Asks: 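Dumping the structure here so I can ask a few things about it.
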There are 2 protein chains.
Amino acid sequence: MSVQERKERERANRERLILATARELAEQQGWDAVTTRQLAERIEYSQPVLYSHFRGKREIIGAVALEGAAEMAAAVRAAASAAAGPRARVTALARAYLDFAARNPAVYDAMFQLDGGLAFAKEDTPEPLKDGFAALLESLAEVAGDGVHPGLFTEVFWAALHGLATLTRAGRLPPEDTERRTELLVDRLAIL
Amino acid sequence: MSVQERKERERANRERLILATARELAEQQGWDAVTTRQLAERIEYSQPVLYSHFRGKREIIGAVALEGAAEMAAAVRAAASAAAGPRARVTALARAYLDFAARNPAVYDAMFQLDGGLAFAKEDTPEPLKDGFAALLESLAEVAGDGVHPGLFTEVFWAALHGLATLTRAGRLPPEDTERRTELLVDRLAIL
DNA sequence: GATCCGATCCTAGCACCGCTAGACAATCGA
DNA sequence: TCGATTGTCTAGCGGTGCTAGGATCGGATC
């Protein structure tokens with residue numbers, strides 16, 4: 001069944017092409033510009049082809065979000081493991097998180113601002129999302145402090161990072177003070 | 001010129017009606033349901049009338065956001081002034097903020113999630129937005145700690161609240177632990 | 001009181017959106 | 001070689017935000 005295998009391979013390639021194109025277009029011109037027509041034209045297929053891969057636009061956004069979650073988890077883990085000592089680890093984690101959000105605004109939007117039809121904080125939460133939270137938890141648990149549930153602490157720390165990321169990106173916070181805000185956050189939240 | 005005054009009054013009334021209807025519809029069915037057609041039908045005028053009051057849908061969202069900012073500033077100030085002592089003030093402020101976001105999700109979306117075409121952190125930032133930040137600053141400055149710029153501290157605290165509000169609302173954080181998260185945040189961030 | 005004129009509002013329609021039915025062509029198995 | 005299946009496209013549906021242009025209404029003037 002080599003023929004069938006080839007077809008499946010080609011199909012998988014095209015699906016990757018769709019996601020990569022959607023992501024690229026979103027980073028270049030924003031998600032509003034990612035219309036099914038524009039996307040179809042860029043991958044050089046007609047619109048209905050998109051619907052043979054995804055249920056709709058929401059699911060495309062969701063798929064990009066999952067990609068992003070996996071990348072962010074990797075980035076956070078890499079930064080944390082390259083740092084020595086709890087304090088350096090947490091600082092590196094925070095910087096990596098905010099850096100990812102700043103460098104991939106469209107992906108970050110797909111993960112948290114847009115409706116990608118993803119479930120959260122439930123049984124059927126997709127693996128990359130749970131793993132993203134786990135990546136934060138790994139480094140944050142050690143600085144949660146005595147008597148504080150590590151999961152709860154991670155939620156609060158994560159929320160703070162998320163707030164900084166979104167408000168900065170939306171122009172609500174001046175970008176030049178990001179580093180000072182990060183240091184203040186780590187100083188206060190983490191018990192070293 | 002009593003005639004002209006009457007007309008201006010009626011016009012102002014209709015503008016209030018548009019905003020109240022948009023807000024009500026958004027809280028009931030979400031901003032996606034606030035289409036120009038639906039909105040026009042509810043106020044019993046045709047669509048073009050909307051455009052004689054606002055440049056477009058964005059500006060309507062922006063106007064609702066400004067309303068919301070004023071209300072939130074008032075809510076935060078009321079909560080803070082009813083509390084005795086720095087710690088109680090900050091806790092009350094945090095609760096009031098999160099409570100407002102939870103009770104008025106559509107308005108909160110208009111303020112921070114949607115594009116209302118509003119300027120931020122600049123000279124031409126609308127007054128209600130600057131005042132909203134000022135309301136936070138008033139109570140937070142006293143717990144910023146020595147050597148920490150009150151504005152910077154307020155930004156971080158605000159970002160944390162914003163993160164908690166949005167992640168909770170999006171189903172990313174289980175709502176039942178909100179109170180514990182709030183206490184943890186206040187305990188760690190505020191210097192008492 | 002008749003007439004004019006300007007402000008006000010609505011009908012109709014534009015270009016675009018996400019999505020889909022059904023015709024068509026290419027490819028596979030017999 | 002032929003029929004069936006799979007894959008793709010054209011065309012179109014109902015919806016969106018927004019606007020041009022005509023009708024209508026009310027106040028000011030003679």
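Each chain gets a letter, A, B and so on, in the order the sequences are listed, and its residues count up from 1. Source: prediction; values computed, not measured.
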Asks: Return the value, rounded to whole Å, for the distance between atom CG of B:L50 and atom C1' of D:dT19.
Replies: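 My rounded result for the distance is 13 Å.
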
Asks: Nearest-Å distance, NE2 (A:H53) to P (D:dG7)?
Replies: 10 Å

Asks: Spell out yes or no: do the side chain of B:R37 and the base of D:dG15 have one donor N/O and one acceptor N/O closer than 3.5 Å?
Replies: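 Result: no qualifying N/O pair found.
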
Asks: In whole Å, what is the span from the CG atom of B:D115 to the P atom of D:dG17?
Replies: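 After rounding, the gap between these two atoms is 14 Å.
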
Asks: Does B:N13, at its CG atom, have more than 12 non-hydrogen atoms belonging to other residues, nucleotides or ligands within less than 6.0 Å?
Replies: yes

Asks: Measure CZ/A:R55 against C1'/C:dC19 and give the value in whole Å, please.
Replies: 14 Å

Asks: Write down the distance between CG (A:L39) and P (C:dC17), rounded to a whole number of angstrom.
Replies: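 Rounding to the nearest Å, CG of A:L39 and P of C:dC17 are 12 Å apart.
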
Asks: Please work out if A:S46 contacts a base, only the sugar-phosphate, or nothing of the nucleic acid, heavy-atom cut-off 4.0 Å.
Replies: base

Asks: Do B:Q47 and C:dC10 share a donor-acceptor pair, side chain to base, under 3.5 Å?
Replies: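 For B:Q47, whose side chain was compared with the base of C:dC10, there is no donor-acceptor pair (under 3.5 Å).
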
Asks: Figure out the CD/P separation between B:Q38 and D:dG17, and round it to whole Å.
Replies: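 After rounding, the gap between these two atoms is 10 Å.
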
Asks: Return yes if a side-chain donor-acceptor contact under 3.5 Å exists between B:Y108 and B:H162, otherwise no.
Replies: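 Yes, a side-chain donor-acceptor pair sits under 3.5 Å.
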
Asks: Is it possible for you to say whether A:F54 and A:V34 belong to one hydrophobic cluster, with membership spreading through side-chain heavy-atom contacts below 4.5 Å?
Replies: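 In one cluster: yes.
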
Asks: Closest-nucleotide mapping onto DNA chain D: is B:Y51 or A:S52 further toward the 5' terminus? I mean the 5' end.
Replies: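 The 5'-side residue here is A:S52.
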
Asks: Check every strand shown and say whether B:R11 touches a base, only sugar-phosphate, or nothing at a heavy-atom separation below 4.0 Å.
Replies: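 No contact.
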
Asks: For B:R11, look at atom CZ and say whether over 12 heavy atoms of other residues, nucleotides or ligands are found less than 6.0 Å away.
Replies: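 Enclosed: over 12 neighbouring heavy atoms sit under 6.0 Å from CZ of B:R11.
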
Asks: Looking at every strand, decide which applies to A:R14 at a 4.0 Å heavy-atom threshold: base, sugar-phosphate, or nothing.
Replies: sugar-phosphate

Asks: Does C:dC19 have its OP1 or OP2 closer than 4.0 Å to a side-chain nitrogen or oxygen of A:T36?
Replies: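 The answer is no; no side-chain N or O of A:T36 sits under 4.0 Å from OP1 or OP2.
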
Asks: Within this structure, what is the OH-to-P distance between A:Y45 and D:dT6, rounded to whole angstrom?
Replies: 18 Å

Asks: Quick one: A:K57 NZ to C:dC16 P, roughly how many Å, whole number?
Replies: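 To the nearest whole Å, that distance equals 15 Å.
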
Asks: So with a 6.0 Å cut-off around CD of B:Q28, is the heavy-atom count from everything else above 12?
Replies: yes

